[in-house]
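Down below is the structure, laid out as C-alpha cells.
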Amino acid sequence: MKPFIAADILLPAPQTDMGLWPALACDQFTSQPEYWQKAEALTQNAPSTLHITLPEAYLESPDVDGRIAAIHTAMADYRARVLTRGVHGFVYVERATQSGVRQGLVGMVDLEAYSYRRGEKCAVRPSESTVESRIPPRMKVRTGAALETPHIMMLADDPGCTLIEPVAAHKAELPKVYEGELMLGGGHIAGWAVEDPALIAQIEDALAVLGSQEEFDKKYPDATRRDPLTLAVGDGNHSLATAKACWEELKKTLTPEQAANHPARWCLAEVCNVHSPAIEIEPIHRVLFNVDCAAVLLSLITWSDSNMAGCSFGGSKQQPFTLAGPHMSNVLSFEDPTAPLTVGTIDEFIEYYLEHHKEARVDYVHDEPAVRALCKKGAVAFLMPPFAKSDLFKGVVMGGVLPRKTFSMGHAEEKRYYVECRKITE
C-alpha cells in the first residue's frame with residue numbers, strides 16, 4: 001500500500017482570476033468573521049474556492065445547512081463550467097511567504113494508510129490529538145460533495161531532501177499550470193504539473209525509503225513503537241479525519257472490488273519537508289471569551305495549588321507562558337507541571353475552568369497580534385512559548401500525538417489556500 005500517490009487533479013480554466021480563485025484554509029480566523037466578509041465581498045461575482053468550502057466561523061451559524069447546500073450546488077457548476085484542466089500526477093507548488101519560498105507536492109493520501117485514532121499502526125498519522133466531536137459537523141460538508149479541495153499539509157521527515165527538492169531542480173522543464181498573488185495578504189503562489197513517469201517514479205521511490213523500517217530505525221532508535229511513520233499531518237488534521245470518517249461510512253456500502261478503487265478512498269493534500277527553512281512551526285495560543293481576567297487568574301492559582309503545579313509569576317520555572325487580558329499581561333510559569341509541554345498543562349487547566357464556567361468559550365488562535373487584539377475587546381489569553389519543529393516528529397513517534405492545537409505552520413495568512421480540486425464521486 002502506497003500512502004501518497006499521483007492523482008487526477010482538476011484546475012480552473014486559464015482565464016480564471018488566480019487572485020480570486022484560491023481561498024484561505026477554512027479553519028482560520030474562526031473568531032474574526034470580518035476576514036471572511038472581506039473575502040466574500042471580493043469574490044462575490046467570480047469563481048472562487050471560497051464558494052465550495054465552509055469557513056469554520058460559520059459552522060454554528062443558523063444558516064449553515066443553506067450554506068452547505070449552496071456549496072454542493074457550486075461544486076456541480078464548477079465541475080461543468082470552471083474546472084476544465086487536469087493534471088495526472090502531482091503538482092509541484094512554490095508559495096512565497098514571510099518565511100521564504102515553501103515547496104510542496106500535491107497528490108493524494110490513501111485513507112487506508114491513515115488513522116486519526118491514537119496508537120493504530122499506520123504509515124500516515126496525525127501529529128496532534130483529534131477531537132472526534134469536531135468531525136460530524138464537517139462530515140455534513142463532505143457527505144454528498146462532488147469535489148474536494150485541500151488545505152491539508154502533510155510533513156515528511158526528510159533531512160536529506162530526497163523527496164521534493166529533486167523535483168524543484170527540474171521545474172524549468174515542467175509546464176506551469178497556475179501563478180498569482182493570493183487575496184488578503186496570502187503572498188505569491190505558483191504550480192507546475194509533474195506528469196513525467198520518471199519523476200513520478202522518483203517521488204514514489206523516495207517515499208518508500210522514507211517509510212522503510214531501516215530508515216525509521218536509523219532516525220528513532222529509542223522509539224518504543226517500531227512501526228514506521230512515512231508522513232505526519234502538519235495542518236488540516238480534522239479535515240483529513242473527516243475524509244477518513246466519510247470514507248469509513250461509504251465503504252460499508254461498497255463491495256471489496258468497489259472499495260479498492262473508489263475515488264473517496266483518497267484525499268488530496270500537499271506534502272512538505274519539515275526541514276525546509278521556509279517552514280516555521282509556531283505555537284497556537286488559547287483565548288477565553290465571556291470571562292473576567294482576574295477571575296481566570298484566581299482560578300488558575302487555585303487549580304495549580306490543587307494539582308501542585310507550582311504556578312508563580314515570572315518565567316524562571318520549567319513551563320513559562322503569558323496570561324493577557326484587556327488591561328494586563330503577565331509572564332507566569334509552572335515549576336511542577338502536570339504535562340510534558342506547557343500547552344498540555346494549560347489545556348488541563350482550561351478543561352477544568354470550562355467545566356466550572358459554562359458561559360466561557362475557548363478558541364485557538366495562531367498569531368500573537370490577533371490574540372492581543374482580541375484581548376483589547378475583552379478576551380483573556382494564554383500565550384504559549386515557542387515550539388521547536390525538531391520536536392514534532394519525535395513527539396509523534398515517542399508520544400503518539402502532541403496535545404491538540406499545539407502548533408501552527410506559520411501565520412494565518414500563510415496557511416494553504418485552496419487551489420487544486422479532485423472528483424470524489426464516481
Side-chain angles (χ1 to χ4, degrees), residues 7-29 33 35-59 61-88 91 93 106-108 137-152 177-184 186 189 191 193 236 239-240 242-243 246-247 249-250 262-270 415-426:
D8 287 319
I9 298 169
L10 298 174
L11 293 170
Q15 66 269 25
T16 306
D17 187 339
M18 284 304 293
L20 298 178
W21 172 257
L24 182 63
C26 67
D27 58 350
Q28 302 304 301
F29 296 109
Y35 174 91
W36 297 107
Q37 291 161 7
K38 288 179 185 175
E40 286 171 352
L42 283 170
T43 61
Q44 189 172 15
N45 299 310
S48 176
T49 52
L50 181 63
H51 306 317
I52 57 172
T53 55
L54 179 66
E56 295 191 0
Y58 301 132
L59 262 183
S61 64
D63 65 341
V64 66
D65 289 339
R67 285 180 177 271
I68 292 172
I71 287 167
H72 290 170
T73 299
M75 284 180 175
D77 177 47
Y78 286 3
R79 180 67 189 93
R81 188 175 57 87
V82 179
L83 295 164
T84 61
R85 294 185 296 154
V87 171
H88 180 68
V91 173
V93 179
V106 177
M108 58 186 187
R138 290 154 182 80
M139 289 179 70
K140 291 182 180 179
V141 183
R142 191 173 177 94
T143 301
L147 300 170
E148 66 173 0
T149 182
H151 76 259
I152 300 160
V177 287
Y178 61 75
E179 184 170 18
E181 296 295 323
L182 299 167
M183 72 171 89
L184 299 174
I189 192 168
S239 290
L240 191 60
T242 298
C246 286
W247 168 238
E249 287 298 311
L250 177 61
H262 196 284
R265 172 178 164 166
W266 291 270
C267 182
L268 272 187
E270 179 179 348
K415 297 297 177 178
R416 191 167 211 286
Y417 276 59
Y418 303 104
V419 181
E420 305 84 0
C421 295
R422 189 178 72 91
K423 193 173 75 166
I424 55 174
T425 55
E426 289 188 316

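Keep in mind the model is a prediction, meaning the values are calculated, not measured.
- The structure places NZ of Lys38 at 13.0 Å from CE of Met183, a figure rounded to the nearest 0.5 Å.
- Side-chain contact between Leu54 and Val64: present, with at least one pair of heavy atoms (C-beta onward) separated by less than 4.5 Å.
- The minimum heavy-atom distance linking Lys415 with Ala25 is given by the pair CB-CB, 4.2 Å.
- No side-chain donor-acceptor contact under 3.5 Å links Arg422 to the backbone of Met108.
- In terms of heavy atoms, Val93 sits closest to Glu420 at CG2-OE2, 3.9 Å.
- Using cut-offs of 30° and 60° on the angle between ring planes, the pair Trp247 and His262 is tilted.
- When atom types are taken as modelled, the side chain of His151 and the backbone of Ala23 share no donor-acceptor pair closer than 3.5 angstrom.
- Classification of the Trp21-Tyr78 ring pair by plane angle, with boundaries at 30° and 60°, yields tilted.
- Not one N or O on the side chain of Arg67 forms a donor-acceptor pair closer than 3.5 Å with the backbone of Pro55.
- Here the CE-OG1 distance, from Met75 to Thr149, works out to 8.5 Å after rounding to the nearest 0.5 Å.
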Show your working on side-chain contact (heavy atoms from CB on, under 4.5 Å) between Arg79 and Leu147 and close with a plain yes or no.
CA-CA 8 Å; Arg79 180 67 189 93; Leu147 300 170; 3.9 Å; yes
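- Separating the CD1 atom in Ile52 from the SG atom in Cys421 is a distance of 4.0 Å, to the nearest 0.5 Å.
- The distance from atom CD1 of Ile71 to atom CZ of Arg142, rounded to the nearest 0.5 Å, is 13.0 Å.
- Met18 and Glu179 get closest at one heavy-atom pair: CB-O, 3.6 Å.
- A 4.5 Å side-chain heavy-atom check between Glu148 and Cys267 finds at least one atom pair inside the cut-off.
- Using modelled atom types, no side-chain atom of Thr143 and backbone atom of Lys140 make a donor-acceptor pair closer than 3.5 Å.
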Could you give me the CA-CA distance, side-chain angles and deciding distance for Val87 and Val106, then say whether side-chain contact (heavy atoms from CB on, under 4.5 Å) is met?
CA-CA 11 Å; Val87 171; Val106 177; over 6 Å; no
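- Between the side chain of His72 and the backbone N or O of Val141 there is at least one donor-acceptor pair closer than 3.5 Å.
- Residues Ala7 and Leu268 approach most closely at CB-CD2, 4.1 Å, considering heavy atoms.
- A distance-only check finds no donor-acceptor pair linking the side chain of Thr43 to the backbone of Leu20 [under 3.5 Å].
- Distance alone, capped at 3.5 Å, is enough to place a donor-acceptor pair between the Thr49 side chain and the Tyr418 backbone.
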Might you work through the side-chain contact (heavy atoms from CB on, under 4.5 Å) test for His51 and Asp77, ending with a clear yes or no?
CA-CA 11 Å; His51 306 317; Asp77 177 47; over 6 Å; no
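- Residues Ser239 and Ile152 share a closest heavy-atom pair of CB-CG1, 4.0 Å.
- Arg416 CZ to Leu24 CG: the interatomic distance, rounded to the nearest 0.5 Å, is 11.5 Å.
- Tyr35 places no side-chain N or O within donor-acceptor distance of the main-chain N or O of Leu184, the cut-off being under 3.5 Å.
- In this structure, the side chains of Arg138 and Leu59 come closer than 4.5 Å at one or more pairs of heavy atoms.
- In terms of modelled atom types and a separation under 3.5 Å, the side chain of Tyr178 and the main chain of Pro12 share no donor-acceptor contact.
- A distance of 6.5 Å separates CH2 in Trp36 from CG in Leu50, rounded to the nearest 0.5 Å.
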